[in-house]
Amino acid sequence: DWSLLEENEGLFRFCKELIAFRKRHPVLRRERFFHGKSGGVKNAKDISWHGVEPYKPDWGGYSRVLAVKLFANEKSVNDIYIIFNGWTEELTFYLPKPPQKTKKWHRVIDTSMKSPKDITEEGKGVKLIKQSEYKAMAQSIVVLISK
């Protein structure tokens, strides 16, 4: 309902920036399914699964947390790390290091933040002070990018 655009300005801006983010990062627009095998840039995997600790996803039926790392490939220069905290409390997620030693994690999306801080515009990601961990608020999604 476009008559509610002014009332929902923050949601509209978020969706617009999210679409632009997806368009800028080919790793989010793959032609084939992820396979988790080595290959591509520096013979790295295309995807890896994590929990609150790197490389330790909890596939149990009651788990409410998951993180995934999408690796840069021939078309994409940035790794993307997505945290899903479906738990009812804030959790600290320990981050894997970006494969490229010169790159650092930057926050581009955190759905727990109020608009306009919930998603950053192109090139304005917030460099994490602590590169080894991120506190994800309850029932939120966080997207980090290496650059």
Side-chain angles (χ1 to χ4, degrees), residues 8-147:
N8 296 301
E9 181 181 357
L11 178 60
F12 178 73
R13 184 198 52 76
F14 182 88
C15 292
K16 187 171 87 171
E17 290 296 331
L18 191 58
I19 291 167
F21 180 77
R22 183 177 180 271
K23 286 181 178 180
R24 285 190 304 270
H25 299 285
V27 72
L28 298 172
R29 297 179 284 108
R30 297 179 52 88
E31 296 173 4
R32 295 183 177 87
F33 289 109
F34 290 103
H35 53 71
K37 298 176 184 170
S38 295
V41 176
K42 296 188 179 180
N43 203 29
K45 291 182 178 183
D46 57 357
I47 190 170
S48 63
W49 300 97
H50 309 265
V52 291
E53 293 184 41
Y55 306 101
K56 294 183 180 177
D58 180 356
W59 297 116
Y62 297 102
S63 178
R64 299 292 179 258
V65 300
L66 184 65
V68 62
K69 183 176 177 184
L70 307 177
F71 291 86
N73 58 31
E74 297 80 24
K75 297 178 183 177
S76 178
V77 297
N78 305 103
D79 295 325
I80 295 176
Y81 195 76
I82 307 170
I83 295 170
F84 302 93
N85 182 6
W87 191 241
T88 56
E89 298 175 16
E90 163 188 313
L91 293 172
T92 299
F93 283 75
Y94 296 93
L95 307 174
K97 294 179 183 177
Q100 304 87 351
K101 294 186 187 300
T102 58
K103 293 190 176 185
K104 304 291 182 195
W105 290 119
H106 292 72
R107 177 184 45 80
V108 291
I109 299 171
D110 187 335
T111 61
S112 72
M113 297 182 164
K114 296 213 181 282
S115 181
K117 293 182 178 183
D118 53 355
I119 187 168
T120 61
E121 295 176 14
E122 169 64 18
K124 295 186 179 181
V126 178
K127 184 178 172 183
L128 300 186
I129 295 170
K130 285 188 170 183
Q131 288 287 308
S132 61
E133 63 185 60
Y134 190 90
K135 286 190 180 193
M137 296 296 116
Q139 301 174 335
S140 67
I141 297 172
V142 176
V143 178
L144 308 175
I145 190 166
S146 67
K147 60 180 184 173

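Heavy-atom basis, side chains included; hydrogens, waters and symmetry copies ignored. One-based numbering along the sequence shown.
Proximity of D110 to V126: side-chain heavy atoms (C-beta onward) are nowhere separated by under 4.5 Å. Y134 places none of its side-chain heavy atoms less than 4.5 Å from the side chain of W105. Side chains of L66 and W49 form a contact here, defined as non-hydrogen atoms less than 4.5 Å apart. The closest side-chain heavy-atom distance from P96 to Y55 is below 4.5 Å. Residues V142 and F93 are not in side-chain contact: their nearest non-hydrogen atoms beyond the backbone lie 4.5 Å or more apart.
Summarising the geometry of R107 relative to K117, their closest heavy-atom pair is NH1-O, 3.4 Å, with the distance given to 0.1 Å. Across all their heavy atoms, Q139 and G86 have their closest contact at CG-O, 3.8 Å. Across all their heavy atoms, L128 and Q131 have their closest contact at O-NE2, 3.0 Å. When every heavy atom of N78 is checked against every heavy atom of K147, the shortest pair comes out as ND2-CB, 3.6 Å. R13 and P116 get closest at one heavy-atom pair: NH2-CA, 3.1 Å.
Under the 3.5 Å distance criterion, the side-chain polar atoms of S146 are matched with a main-chain donor or acceptor of D79. S112 contributes no side-chain N or O that, together with a main-chain N or O of M137, makes up a donor-acceptor pair within less than 3.5 Å. A donor-acceptor pair is defined here as one N or O able to donate and one able to accept, closer than 3.5 Å; such a pair exists between the side chain of N85 and the backbone of A136.
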(request) Apply side chain to side chain contact (heavy atoms under 4.5 Å, CB included) to the pair H25 and I145, showing each step before the final yes or no. (result) CA-CA 10 Å; H25 299 285; I145 190 166; 3.0 Å; yes
(request) Let me see the working for I80 and F21 under side chain to side chain contact (heavy atoms under 4.5 Å, CB included), right down to the final yes or no. (result) CA-CA 11 Å; I80 295 176; F21 180 77; 4.1 Å; yes
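Surrounding CD of E133 are more than 12 heavy atoms belonging to other residues, nucleotides or ligands, all under 6.0 Å away.
Screening I83, I109, T111 for a side-chain contact (heavy atoms from CB on, under 4.5 Å) involving S140 leaves a single residue, T111. No option in V108, I119, D118 other than I119 meets the side-chain contact (heavy atoms from CB on, under 4.5 Å) test with E17.
Residues Y81 and H50 place their aromatic rings such that the two centres sit under 6.0 Å apart.
The line from CZ of R29 to CZ of R24 is 10.5 Å long, rounded to the nearest 0.5 Å.
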